[in-house]
Protein chains: 2
Amino acid sequence: MQHGSQYIAPTLNVDAVIFQLGGKGLETLLVKRSTDPFSGKWALPGGYNAVGHTTSEALQKIVLTKAGVDISSAVPYVEQLYTFDTIARDPRGHAVSVTYMGCGREIPTQKSLDEAAFFPVSELPQLAFDHGDIITYAHSRLAAKLTYTNAVHALLPQDFTLTQLQTAYEAVFGRELDKRNFRKKFLSLNLIHETDKTWREGAHRPAKLYEFNSHTLESLSRSFD
Amino acid sequence: MQHGSQYIAPTLNVDAVIFQLGGKGLETLLVKRSTDPFSGKWALPGGYNAVGHTTSEALQKIVLTKAGVDISSAVPYVEQLYTFDTIARDPRGHAVSVTYMGCGREIPTQKSLDEAAFFPVSELPQLAFDHGDIITYAHSRLAAKLTYTNAVHALLPQDFTLTQLQTAYEAVFGRELDKRNFRKKFLSLNLIHETDKTWREGAHRPAKLYEFNSHTLESLSRSFD
DNA sequence: GCAAAAGTGTTTGGGATACACCCATGC
DNA sequence: GCATGGGTGTATCCCAAACACTTTTGC
């Protein structure tokens, strides 16, 4: 097939699954659609990717505009997820969506075009398009990433307690872990070190605070859980 | 941004990294370009994805036409790899490429538009576009897949010897494995069973032939190497 | 002193690794 | 009988999993 003659490209979209931890575990950012199709339904923040912009650039701009979230400052870990391309996924016509997955913590949302909110992945509303599938896929990918990389750092503050760290893993994995085994194993990976600070909260012993040695993504020497 | 006003989509391409085992280890399918850009250079089989066709459909058709390889019959394992989208990757203009990785064995190539051949990944010619990066990425992904799935089956015949199986792993991993440990570990995964056939070849003891219990993709209970 | 979360060790079983010789065949 | 690749077992170490009590604080 030659370009130019009668080649027509499908629409190119980008969509983002942005995770953070909240009171009810892992949450994902959604926006309420105000136009058809799926007007009134919640959806992943996303939109058109025009020629001349990379998918990351388009994503950055769209998520800021539509959901009021600035990925470059508030979402330290972002990776491309998968490209969804079934013909029928958008009732307006063939649209290929390059999806991304990102993680952050206490992500601030500015004023935006659409109403935006974080929903616990365990209590998602009805979703537009195939966005439910995309979230499920992103969740499983995040769980996998936590087992063989230091990606958790993006879900935690700079200084964190071992309990917070364990809670992050439990929220993503959806199951409880043994405290003693978790600490022994994680500390043996040499990814984090103690600080001289402690965290006091409530009527109980204060917790030591830890820091990651590096905030760049690394593969673990042996996989975790 | 609204569709319709002045939205123009980038060109959508698909490209395939098709692996098989050959005399010099892991090989990948390339086609020789006969037109600019990169005329005369080797490239991955790929081409335009027009509206109305999924990327798999487009891939299927393009690889058959340009390289003479019928994916549906000769490439039992195919998965989507990554979407490459840097603006400058195609000198003709912004083209987003959805790439796929596939594995087969003794893949027949029919007559095709372009000259097509398998090259050992250790001896690749100069490649067009960013196709060298794509192959490197596909190779690392394949190695990872072999550690946690039964995907090797796609590189082997229906009946195979344990030596063939080990050789397949060694070719993909690029290093040698211990024979006794390999056999003990692989057999303990319960993915394969002995047949009553044997393989005679050369002046030495004949080898037992094995079969996979299932040819559908499965995740291993514990990861391999 | 009591409630609440932080912190800490030992035992046991199984898989990972390292390693060398005998077996069945063709010529 | 000899060359060639097929086939096999053991000892050691480390990691994974299971499991319960003491410590430090606020009130």
Side-chain angles (χ1 to χ4, degrees), chain A residues 21 23 25 143-144 146-148 150 156-157 159-171 173-211 219-225, chain B residues 21 23 25 143-144 146-150 156-157 159-171 173 175-211 219-225:
Chain A
L21 297 175
L146 291 205
T147 66
Y148 68 91
N150 63 350
L156 295 171
D159 297 328
F160 54 90
T161 66
L162 293 180
T163 301
Q164 282 178 295
L165 180 63
Q166 183 177 342
T167 304
Y169 270 94
E170 289 175 338
F173 289 168
R175 65 192 165 87
E176 300 195 336
L177 302 171
D178 178 85
K179 182 163 62 160
R180 281 169 295 185
N181 290 338
F182 177 84
R183 289 169 180 227
K184 201 183 333 156
K185 189 166 174 180
F186 203 93
L187 289 171
S188 76
L189 294 172
N190 291 320
L191 296 172
I192 60 175
H193 60 268
E194 258 184 74
T195 66
D196 50 9
K197 291 170 267 185
T198 57
W199 179 254
R200 311 181 113 75
E201 181 201 48
H204 56 82
R205 179 169 175 174
K208 291 186 207 156
L209 285 167
Y210 289 77
E211 269 179 354
S219 284
L220 306 189
S221 48
R222 40 182 219 282
S223 78
F224 191 82
D225 261 18
Chain B
L21 296 175
L146 291 204
T147 66
Y148 67 91
T149 70
N150 62 350
L156 296 171
D159 296 328
F160 54 90
T161 67
L162 293 179
T163 300
Q164 282 179 294
L165 179 64
Q166 183 176 341
T167 304
Y169 270 95
E170 289 175 338
F173 289 168
R175 64 192 166 88
E176 298 195 338
L177 302 172
D178 178 85
K179 181 162 62 161
R180 280 170 295 185
N181 291 338
F182 177 84
R183 289 170 181 228
K184 201 183 333 157
K185 189 166 175 181
F186 203 93
L187 289 171
S188 77
L189 294 172
N190 291 321
L191 295 173
I192 59 175
H193 59 268
E194 259 184 72
T195 66
D196 49 9
K197 291 171 267 183
T198 57
W199 179 254
R200 311 180 112 75
E201 179 202 49
H204 56 83
R205 179 170 174 175
K208 290 184 209 159
L209 286 167
Y210 289 76
E211 268 179 353
S219 285
L220 306 190
S221 48
R222 38 182 221 282
S223 78
F224 192 82
D225 258 17

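By convention in this document, chain letters (A, B, ...) are assigned in the order of the sequence lines, proteins followed by strands, and residues within each chain are numbered from 1.
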Could you give the [atom1]-to-[atom2] distance, from [X] to [N], as a whole number of Å?
X	N	atom1	atom2	result
A/Gln166	C/dA5	CD	C1'	12 Å
B/Leu187	D/dG6	CG	P	15 Å
B/Glu194	D/dG7	CD	C1'	11 Å
B/Phe182	D/dT8	CZ	C1'	16 Å

Side-chain donor-acceptor contact under 3.5 Å, B/Thr198 with B/Arg205:
no
Any side-chain donor-acceptor pair under 3.5 Å between B/Arg222 and B/Ser188?
yes
What does the inter-axis angle of the helix from C/dG1-D/dC27 to C/dC27-D/dG1 come out as, five pairs per end, nearest 10 degrees?
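Both end axes considered, the difference amounts to 10°.
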For A/Arg183, report the nucleic acid contact type (base, sugar-phosphate, nothing); a contact means any heavy atom under 4.0 Å.
base
Could you tell me whether B/Thr163 contacts a base, only the sugar-phosphate backbone, or nothing, with contacts defined as non-hydrogen atoms closer than 4.0 Å?
sugar-phosphate
Looking only at heavy atoms, what is the nearest atom pair of B/Asn150 and B/Leu220, with distance?
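Smallest heavy-atom distance, with atoms named: N-CD2, 3.9 Å.
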Rounding to 0.5 Å, atoms CD1 (A/Ile192) and CZ (A/Phe186) come to a distance of 5.5 Å
Between atom OG of B/Ser223 and atom OH of B/Tyr148, what is the distance when rounded to the nearest 0.5 Å?
10.5 Å
Hey, can you tell me if A/Phe182 and A/Phe224 have their rings parallel, tilted or perpendicular (30° and 60° cut-offs)?
perpendicular
Along nucleotides 17-27 of chain C, 5' to 3', which nucleotides get a B, which get an S, and which get a -, given that the test is a protein heavy-atom distance under 4.0 Å?
BBBB--BBBB-
I'd like to know if B/Arg175 and B/Asp225 make a salt bridge, using a cut-off of under 4.0 Å between side-chain N and carboxylate O.
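Yes, B/Arg175 and B/Asp225 are salt-bridged.
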